[in-house]
Each structure stands twice: as C-alpha cells, then as structure tokens.
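Report on the following structure.
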Amino acid sequence: MVFRYVPEAPVCAREITVEVDGDTVRAVSFSGGCVGNHRGIAALVQGMKVAEVIARLEGIRCGERASSCPDQLAQALKKCQANGNK
C-alpha cells in the first residue's frame, strides 16, 4: 500500500510517501527539504516494522520547532495504520 502524507507541522518536506506491506515499511520518499538526510532516513527505516519506526522517530524535534521530518514520518505511518493499512 502506498500512502501519501502532507506534513501537518512546518517542516522542510512538502510531502512524504510511504510504501507499507503489512506491518513493514518497504520504501519512504520525501519531497522537498534536505535530500541527503531524507535519503538517509529512508534507507534506515526500509524493512523495519511500522511500530518500531514510530517508536523511534515520534517526538523528534528540529531545533526550536515542535516537529521534524522524522517525526512527521512517524505521523504519516500512524495515519497509514489508522486507514487500515496495518
């Protein structure tokens, strides 16, 4: 299942696309922002369980901002789960 998410907090990424197969993250891509960091995050979470990615990334802040691109990836995965893509 491919799920597209527009970040709800002000972060560098304009959109996050996740591909989830059951409870496993297959692929992640970010539109906008720091390409190197986003490619690194995507490579690190590939093959991980959705719940593990959420547990590790949720709540990460970017400087003084209340959120970050990793946190928004966690939010995207939570919404994906809520839509029945567990």
Side-chain angles (χ1 to χ4, degrees):
M1 168 65 65
V2 175
F3 183 78
R4 286 179 171 62
Y5 176 80
V6 175
E8 297 176 354
V11 295
C12 298
R14 294 183 308 273
E15 182 178 85
I16 302 169
T17 303
V18 296
E19 182 180 345
V20 176
D21 182 11
D23 65 347
T24 304
V25 176
R26 293 292 172 215
V28 174
S29 65
F30 294 83
S31 296
C34 180
V35 176
N37 286 337
H38 292 158
R39 288 177 66 194
I41 294 166
L44 288 171
V45 302
Q46 185 175 2
M48 287 179 66
K49 299 294 183 194
V50 169
E52 181 69 16
V53 175
I54 292 169
R56 288 176 180 246
L57 300 182
E58 187 172 35
I60 292 175
R61 297 174 58 140
C62 184
E64 297 296 319
R65 296 178 183 180
S67 188
S68 65
C69 290
D71 177 60
Q72 288 300 295
L73 173 56
Q75 302 312 310
L77 290 169
K78 287 173 71 173
K79 283 224 174 178
C80 186
Q81 283 186 321
N83 285 335
N85 305 312
K86 297 181 180 182

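- Shortest non-hydrogen contact noted between Ala76 and Phe3 is O-CE2, 3.5 Å.
- For Arg26, the CZ atom sits in a packed shell: over 12 heavy atoms of surrounding residues, nucleotides or ligands are nearer than 6.0 Å.
- At distances below 3.5 Å, not a single donor-acceptor pair connects side-chain atoms of Gln46 with backbone N or O atoms of Val28.
- With sequence neighbours excluded, the residues satisfying side chain to side chain contact (heavy atoms under 4.5 Å, CB included) with Glu58 are Ile54, Asp71, Ala74, Gln75, Lys78.
- In the hydrophobic cluster analysis, where Ile, Leu, Val, Met, Phe, Trp and Tyr join through side-chain heavy atoms closer than 4.5 angstrom, Met48 is grouped together with Ile60.
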Should Glu19 and Asp21 be marked as a side chain to side chain contact (heavy atoms under 4.5 Å, CB included) after you check the CA-CA gap, both sets of side-chain angles, and the distance that decides it? CA-CA 7 Å; Glu19 182 180 345; Asp21 182 11; over 6 Å; no
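- For Cys69, the side chain to side chain contact (heavy atoms under 4.5 Å, CB included) partners two or more places apart in sequence, or in a different chain, are Val11, Cys12, Ala13, Phe30, His38.
- Side chains of Val45 and Val18 form no contact here, defined as non-hydrogen atoms less than 4.5 Å apart.
- From Leu44, atom CG reaches atom CZ of Arg56 across 9.5 Å, with rounding to the nearest 0.5 Å.
- Looking only at distances, a side-chain donor or acceptor of Arg61 sits under 3.5 Å from a matching main-chain atom of Glu64.
- Put simply, CG on Leu57 and CD1 on Ile41 are 7.0 Å apart, with the number rounded to the nearest 0.5 Å.
- Using a 4.5 Å cut-off on side-chain heavy atoms (C-beta onward), Lys49 and Thr24 make contact.
- The CG atom of Asn37 sits 10.5 Å away from atom OG of Ser68, with the distance rounded to the nearest 0.5 Å.
- Atom CD of Gln72 is separated from atom CZ of Arg65 by 11.0 Å, given to the nearest 0.5 angstrom.
- For the pair Val2 and Arg4, the tightest heavy-atom approach, listed with the atom from each and the gap, is CG1-NH1, 3.5 Å.
- Across all non-hydrogen atoms, the minimal contact from Val50 to Gln81 is CG1-NE2, 3.5 Å.
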